[in-house]
Amino acid sequence: MKNIMSVACGFIAYAAAADCKAEIDLNTSSIADEAWYVPGWMRTNEPEELAWKSFVEVFSTTKNHFHQWDGNQLWPIAVKNADAEAVKLADEIKRMPEKRRARLTLVGHSLGGRIVARTLAKLSSDGIKIKRGILLAPAIPAKDADIERMGLGSEEPIIVVANPNDITLKYVYAIAGGELGPAYGASAASKTPRNVKEIPVDEDITKNTAIDAFWGRFDAAKEIANHHASFYFEELSKVLDGKASKGVRVMVPQDKINFEWKVVDAGVWWDVLDEKVGWKFERNIVTGHCRIVNPEKLRVAWGERDKMEKAFKKVKAQLNVGGE
């Protein structure tokens, strides 16, 4: 009888341990991939219907979360709040179990992209990584130091979807932002940061997207509308499906605010320092400043020589991808 009781107790203990292990395994396997959406300026209290719908469509197989922050403020205040929010978000992620962080994707649009970039940079400084970061038209200076650091905070390459002709970022941000230069979402870093893929999209992404009758009536309004998150989510969906836009503009790193116009070059005032398939890197013989001219003879960037030289190297690198 004693032996029978010992066997029975042993069996119960084994069954309990097995049940416990099964429960642990179940809990582990039930950790779902998560995608958090960090919205841009004036869209931060609750999901804006069109943007949120687009986000959910792209991340249809994940557990989705709308990350609120205090961005419904005047622009200067919203920028400060965005930088403060990055610190809070990084601290929140640090407190997560490692297995949960490994399944987390952060997606930020505009000022939300700024928050994601700074969050990843802060995580990287502590040797912490999430699964992936995605920046859509990020409103952060292209020369910002956090852009160089953010790649180390993501296990998979960070995706940066940018539009060289995003009017809101190209002109409004550059003029009103008062920061270190053009926004990363409409320009590019002079040197692509580690573990980052910069994806330029069709310069007028609204051409391929159905928008309502009001926006469609006005060209100026339509150009401003191309900063809307829903357009960038549509482009992101193409990127993730391997169907990125073809024939998009080359991303040219900027120095000074540049208004594109046709140049007249009689070969008198400008020395050609370098060229590639119709693109030219030129220096003014009087002032010494430099410019980059595309094959359509549009000045696409200008500024100090060393910065334009780095920018032209990046232009050539993009041209080489096509095998030219």
Ser237 and Val58 have their tightest heavy-atom pair at CB-CG2, 4.0 Å
Only one of Phe59, Trp52, Tyr37 passes ring-ring contact (aromatic ring centres under 6.0 Å, His included) with Phe233, and that residue is Tyr37
Is the number of heavy atoms from other residues, nucleotides or ligands within 6.0 Å of CD (Glu57) greater than 12?
-> yes
Interatomic distance, CG@Leu104 vs NE2@His65, rounded to 0.5 Å, equals 9.5 Å
(request) Might you work through the salt bridge (Lys or Arg N to Asp or Glu O under 4.0 Å) test for Lys314 and Glu198, ending with a clear yes or no? (result) CA-CA 12 Å; Lys314 184 155 188 175; Glu198 297 171 346; 2.5 Å; yes
Taking Lys191 for the side chain and Lys310 for the main chain, is one N or O donor matched with an acceptor at less than 3.5 Å?
no
Looking only at heavy atoms, the pair that brings Pro157 and Lys197 closest together is CB-CG, 4.4 Å
Give a yes or no on whether Leu152 and Val160 share a hydrophobic cluster (residues Ile, Leu, Val, Met, Phe, Trp, Tyr; joining criterion: side-chain heavy atoms under 4.5 Å apart). no
Flag the pair Tyr173 / Pro141 as yes when at least one side-chain heavy-atom distance between them is below 4.5 Å, and no otherwise.
-> yes
For the pair Lys94 and Asp126, find out whether any cationic side-chain nitrogen is under 4.0 Å from an anionic carboxylate oxygen. yes
Check your understanding: Going by heavy atoms in the side chains, are Val38 and Trp69 under 4.5 Å from each other?
Key -> yes
Under 4.0 Å between a Lys/Arg side-chain N and an Asp/Glu carboxylate O for Lys129 and Glu98? no
Here the gap from Leu240 atom CG to Glu235 atom CD, rounded to the nearest 0.5 Å, amounts to 11.5 Å
**Message:** I want to check something: taking the side chain as every heavy atom from C-beta on, are Arg283 and Leu273 in contact at a cut-off of under 4.5 Å?
**Reply:** yes
Taken to the nearest 0.5 Å, the spacing of Ile159 CD1 from Ser154 OG works out to 9.0 Å
Think Arg291 forms a cation-pi with Trp270, using NZ or CZ under 6.0 Å from the six-ring centre and within 45 degrees of its axis? yes
Here the gap from Ile115 atom CD1 to Glu85 atom CD, rounded to the nearest 0.5 Å, amounts to 5.5 Å
Counting C-beta onward and ignoring hydrogens, is there a side-chain heavy-atom pair between Gln68 and Thr44 closer than 4.5 Å? no
Given side chains that start at C-beta, do those of Val196 and Arg194 come closer than 4.5 Å, heavy atoms only? no
message = A side-chain contact here means heavy atoms from C-beta on lying under 4.5 Å apart; do Thr119 and Ile93 qualify?
response = yes
Under-4.0 Å salt bridge between Lys316 and Asp274: yes
For Ala142 and Ala188 the tightest heavy-atom approach is CB-O, 3.7 Å
Check this for me: does any side-chain nitrogen of one of Glu34 and Arg100 sit under 4.0 Å from a carboxylate oxygen of the other? yes
So CD of Glu282 and CD1 of Ile292: to nearest 0.5 Å the spacing works out to 10.0 Å
Show the numbers, then the answer: is there a side-chain hydrogen bond (donor to acceptor under 3.5 Å, both in side chains) between Asn284 and His289?
CA-CA 6 Å; Asn284 188 285; His289 78 274; 4.8 Å; no
One should read off an interatomic distance between Met150 CE and Ile158 CD1, to the nearest 0.5 angstrom, of 4.5 Å
Leu106 side chain reached by Ile130 side chain, heavy atoms, under 4.5 Å: yes
Between Val272 and Lys280 the two heavy atoms that sit nearest each other are CG2-CD, 4.3 Å
Closest non-hydrogen contact found for Ala186 with Leu169 is CB-CB, 3.7 Å
Partner of Asp33 under salt bridge (charged side-chain N to carboxylate O under 4.0 Å, His left out), picked from Arg132, Arg101, Arg103, is Arg103
With a 4.0 Å cut-off on N to O distance, would you call Asp146 and Lys122 a salt bridge? no
* To do: Test ring pair (Phe, Tyr, Trp, His ring centres under 6.0 Å) on His227 and His109 and set out the steps.
  => CA-CA 9 Å; His227 184 64; His109 170 253; 4.9 Å; yes
Exercise. Is the closest side-chain heavy-atom distance between Trp302 and Cys290 below 4.5 Å?
Worked result: no
Tell me if the aromatic rings of Tyr232 and Phe55 count as close, with their centers under 6.0 Å from one another. no
| Under a 4.0 Å N-O cut-off, is there an ion pair linking Lys143 with Asp255? | yes
For Ser187 and Pro182, the nearest pair of non-hydrogen atoms, with its separation, is CB-CB, 4.2 Å
